[in-house]
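The first residue of the sequence shown is numbered 1, and numbering continues consecutively from there. Computed from a prediction, not measured in an experiment: that's the story for all the values here.
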Amino acid sequence: MTKYYHVDIWGSREYKYSYLNENDFTTIEWKEIFPTSPFYLFIPQNQDLLVEYNQGWKITDIMPVNSSGIKTHRDHFALDFDADVLQKRIEDFINLNITDDVIAQKYNINDTNEWKIKESRYLLANNCEWEKYFTHCLYRPFDWRNYYHHQNISERPRNEVMRHLININHQNLAIAIGRQGQAVDDPEWSLVTVSKTSVDTNIFRRGGVNIFPLYIYPDIENDQYNLFTERNSNFSPNFLSEIKAKLGYIPTPEQIFYYAYAIFHSPTYRQRYAEYLKIDFPRLPLTSNEQLFKNLAQKGEELVKLHLMESQQLNRLITKYQGEGDNSVTEVTYKPQQQRVYINKTRYFEGILPEIWGFKIGGYQVLDKWLKDRKKANRSLSFDDVLHYQKIVIALTATLTIMKEIDQIIPE
């Protein structure tokens, strides 16, 4: 029987050369490893813990309808901070009195293998419903942008999933989860967020994202559409059977969604299964303790409302916007002793703790990223922008508290 061994030599290049010069195959302290399906990793793994982890349900087996996020291939054109600016841009695009060359130069867009300016402009100009495709997109953590969702503008709109979210008549949620924690390489896995809108494929810093809608709606534009227009939950029958076997009944789809959201925000879960979260989608452990399930679902619901900016907690501001001068974002600087985040030399947000300033989601330091994206775009903060940023601070502060509470609920 074939055996596999591993050794980890950590240090500088000089140290590694020295170690190899002083040792050979017989003197190196090898560790036997056991590569297993499906990845056959040639690294040590805790086999007992892996068995425990694999008893959970992989998110792709729980919610089978999913896809990666949208890929416009021209974000600067398909998205904008200002709705009016985006509206004017699309109006120019469908105005066939303006030449293709002028449009291409004015908006810095070009033909690709799959997308042609001339053809796309003609098709969209002859679409009598072109105005209904203005919507929003969760572009980065806590950063929603105005977005034009149509294949003549956005090259990969992922309609098979996004249609369940962007229709104004649909009441839906989606959990957004990254597959490869090692691509982000943060100290703790955090590749999870929530949305009611479409989600950009780069919502996290690296490694991509998959969007899992809670409900699946019938396609009323499809020829197969009939009178049965009820929405269905996006949970597999086998998963629901397992839930019923554990609890004795099937909870509401929202309760299951909130329960999962809480588990994926548990610091203990993230630390305990860190080595497995690096390489694949997370797995959800189930409980047969009904009260535990309900308590965790409650905490998950609180997190969801915070992350959607719908919580009543967000109305109680804990920071102040201070200083003189304009609101242009020209340099983003954090001063921990003063607990201030400066957006330029004179204006700043005050009352931001170091752990909140450093809070990360999917590899992005949320408060830093939000401001630097506006610096890159030469933006000045509006009143609504200032208020939104202050609400993000509340959401992150409350999230840290709830994450600790989740661990206190889960028995050791």
Side-chain angles (χ1 to χ4, degrees), residues 69-70 79-83 134-147 149 162 165-168 170-177 190-200 202-204 209 211-215 254 257-258 260-262 264-265 297-321 327 329 341 343 349 351-353 355-357 359-362 364-374 379 381-403 405-406:
I70 63 168
L79 299 109
D80 204 278
F81 294 102
D82 295 322
F134 289 99
T135 183
H136 294 88
C137 171
L138 182 58
Y139 190 66
R140 298 293 182 266
F142 290 97
D143 191 351
W144 288 266
R145 307 281 177 91
N146 296 287
Y147 165 55
H149 184 83
M162 299 307 165
L165 296 167
I166 63 172
N167 191 312
I168 60 174
H170 294 173
Q171 297 297 314
N172 213 347
L173 290 171
I175 189 168
I177 295 181
S190 62
L191 296 176
V192 58
T193 190
V194 64
S195 182
K196 284 186 171 180
T197 68
S198 58
V199 181
D200 185 76
N202 292 313
I203 179 72
F204 304 136
V209 66
I211 316 304
F212 302 82
L214 175 58
Y215 286 107
E254 284 80 7
F257 187 97
Y258 298 146
Y261 204 67
F264 293 151
H265 279 84
Q298 180 183 342
K299 293 301 176 183
E301 183 177 9
E302 292 176 24
L303 286 174
V304 165
K305 288 182 177 179
L306 284 166
H307 298 170
L308 293 175
M309 306 299 275
E310 294 177 349
S311 172
Q312 293 300 313
Q313 293 185 61
L314 302 177
N315 296 323
R316 298 187 290 273
L317 300 183
I318 59 177
T319 57
K320 294 181 179 180
Y321 186 56
N327 293 340
V329 186
V341 176
I343 67 166
F349 294 92
I352 300 176
L353 297 172
E355 58 264 35
I356 305 304
W357 170 248
F359 194 104
K360 288 186 176 183
I361 296 177
Y364 285 126
Q365 189 176 323
V366 177
L367 293 177
D368 185 53
K369 176 64 175 173
W370 195 93
L371 286 174
K372 284 184 176 176
D373 276 0
R374 280 143 185 83
R379 299 282 298 176
L381 299 186
S382 66
F383 174 84
D384 288 341
D385 288 335
V386 170
L387 183 59
H388 182 79
Y389 193 78
Q390 290 177 297
K391 288 184 176 182
I392 296 175
V393 175
I394 300 170
L396 298 182
T397 303
T399 294
L400 276 181
T401 299
I402 294 172
M403 288 172 69
E405 292 172 350
I406 289 171

Worksheet item: Can Arg145 and Asp373 be counted as an ion pair, charged N to O under 4.0 angstrom?
Response: yes
Worksheet item: Which value, rounded to the nearest 0.5 Å, describes the distance between Ser382 atom OG and Leu387 atom CG?
Response: 9.5 Å
Worksheet entry | Taking every non-hydrogen atom, the tightest pair across Phe257 and Ala174 | CZ-C, 3.7 Å
Worksheet item: Distance from Ser195 atom OG to Leu173 atom CG, nearest 0.5 Å?
Response: 9.0 Å
Worksheet item: To the nearest 0.5 Å, how far apart are NZ in Lys299 and OH in Tyr258?
Response: 15.0 Å
Worksheet item: Can you name the closest pair of heavy atoms from Ile356 and Leu367 and give their distance?
Response: O-CD1, 3.6 Å
Worksheet item: Among Trp370, Phe142, Phe383, whose ring-ring contact (aromatic ring centres under 6.0 Å, His included) with His388 holds?
Response: Trp370
Practice prompt. Kindly say whether Leu306 contributes a backbone atom to a donor-acceptor pair with the side chain of Gln313 at under 3.5 angstrom?
Written response: no
Worksheet item: Just wondering, do Val366 and Leu396 contact through their side chains at under 4.5 Å, heavy atoms?
Response: yes
Discussion item. Go through it in stages, so that I can follow the logic: the residues are Val304 and Glu301, the test is side-chain contact (heavy atoms from CB on, under 4.5 Å), and I'd like the CA-CA distance, side-chain angles, deciding distance and then a yes or no.
Written reply: CA-CA 5 Å; Val304 165; Glu301 183 177 9; 5.6 Å; no
Worksheet entry | Distance in Å, Leu400 CG paired with Leu353 CG, rounded so as to fall on 0.5 Å steps | 9.5 Å
Practice prompt. Please examine the side chains of Phe359 and Thr397, heavy atoms only from C-beta on, and report whether any two atoms are closer than 4.5 Å.
Written response: no
Item to complete: Check step by step if side-chain contact (heavy atoms from CB on, under 4.5 Å) holds for Ile394 and Gln390.
Response: CA-CA 7 Å; Ile394 300 170; Gln390 290 177 297; 5.7 Å; no
Worksheet item: Tell me, do Tyr139 and Ile203 make a side-chain contact under 4.5 Å, heavy atoms counted?
Response: no
Worksheet item: What closest approach, in Å, do Leu165 and Thr197 show between heavy atoms, and which atom pair accounts for it?
Response: CD1-O, 3.5 Å
Practice prompt. In plain terms, say whether Asp82 and Arg379 are close enough for a salt bridge, that is, a side-chain N and a carboxylate O under 4.0 Å apart.
Written response: yes
Item to complete: State, yes or no, whether a side-chain contact exists between Trp357 and Val393 at a heavy-atom distance under 4.5 Å.
Response: no
Worksheet entry | Side-chain touch Leu314/Lys305, heavy atoms, less than 4.5 angstrom | no
Discussion item. Before you tell me yes or no, could you show the steps for His265 and Ser190 under side chain to side chain donor-acceptor pair (under 3.5 Å), namely the whole-Å CA-CA distance, both residues' side-chain angles and the distance that decides it to 0.1 Å?
Written reply: CA-CA 8 Å; His265 279 84; Ser190 62; over 6 Å; no
Practice prompt. Please check if atom CD in Glu355 has more than 12 non-hydrogen atoms from other residues, nucleotides or ligands closer than 6.0 Å.
Written response: yes
Discussion item. Determine whether Val199 and Cys137 satisfy the following criterion, side-chain contact (heavy atoms from CB on, under 4.5 Å), listing intermediate values before the conclusion.
Written reply: CA-CA 5 Å; Val199 181; Cys137 171; 5.7 Å; no
Discussion item. So which atom in Arg374 and which in Leu381 form the shortest heavy-atom distance, rounded to 0.1 Å?
Written reply: CD-CD2, 4.1 Å
Discussion item. Using 0.5 Å steps for rounding, measure from the NZ atom of Lys391 to the OG atom of Ser311.
Written reply: 10.0 Å
Discussion item. Please check: side-chain N/O of Arg140 versus main-chain N/O of Asn202, any donor-acceptor pairing under 3.5 Å?
Written reply: yes
Worksheet item: Can you tell which of His136, Gln171, Glu310 makes a side chain to side chain donor-acceptor pair (under 3.5 Å) with Lys196?
Response: Glu310
Worksheet item: Looking at the rings of Phe134 and His149, which for Trp means the six-membered one, are their centres under 6.0 Å apart?
Response: no
Worksheet item: Does any N or O in the side chain of Asp80 come within less than 3.5 Å of the main-chain N or O of Asn146, such that one atom is a donor and the other an acceptor?
Response: no
Practice prompt. Test side chain to side chain donor-acceptor pair (under 3.5 Å) on Glu254 and Tyr215 and set out the steps.
Written response: CA-CA 10 Å; Glu254 284 80 7; Tyr215 286 107; 2.7 Å; yes
Discussion item. If you compare all heavy atoms of Tyr321 against all heavy atoms of Asn327, which two are closest, and at what distance to 0.1 Å?
Written reply: OH-OD1, 2.8 Å
Response to the item:
One should read off an interatomic distance between Ile70 CD1 and Ser198 OG, to the nearest 0.5 angstrom, of 4.5 Å
Worksheet item: Should Asp200 and Tyr147 be marked as a side chain to side chain donor-acceptor pair (under 3.5 Å) after you check the CA-CA gap, both sets of side-chain angles, and the distance that decides it?
Response: CA-CA 10 Å; Asp200 185 76; Tyr147 165 55; over 6 Å; no
Response to the item:
Minimal heavy-atom distance between Ile406 and Ala262, with the atoms involved, is CD1-O, 3.5 Å
Discussion item. Please confirm whether the ring centroid of Phe349 lies under 6.0 Å from the ring centroid of Tyr389.
Written reply: yes
Worksheet entry | Ile175/Phe264 under side-chain contact (heavy atoms from CB on, under 4.5 Å): CA gap, chis, key distance, verdict | CA-CA 11 Å; Ile175 189 168; Phe264 293 151; 4.1 Å; yes
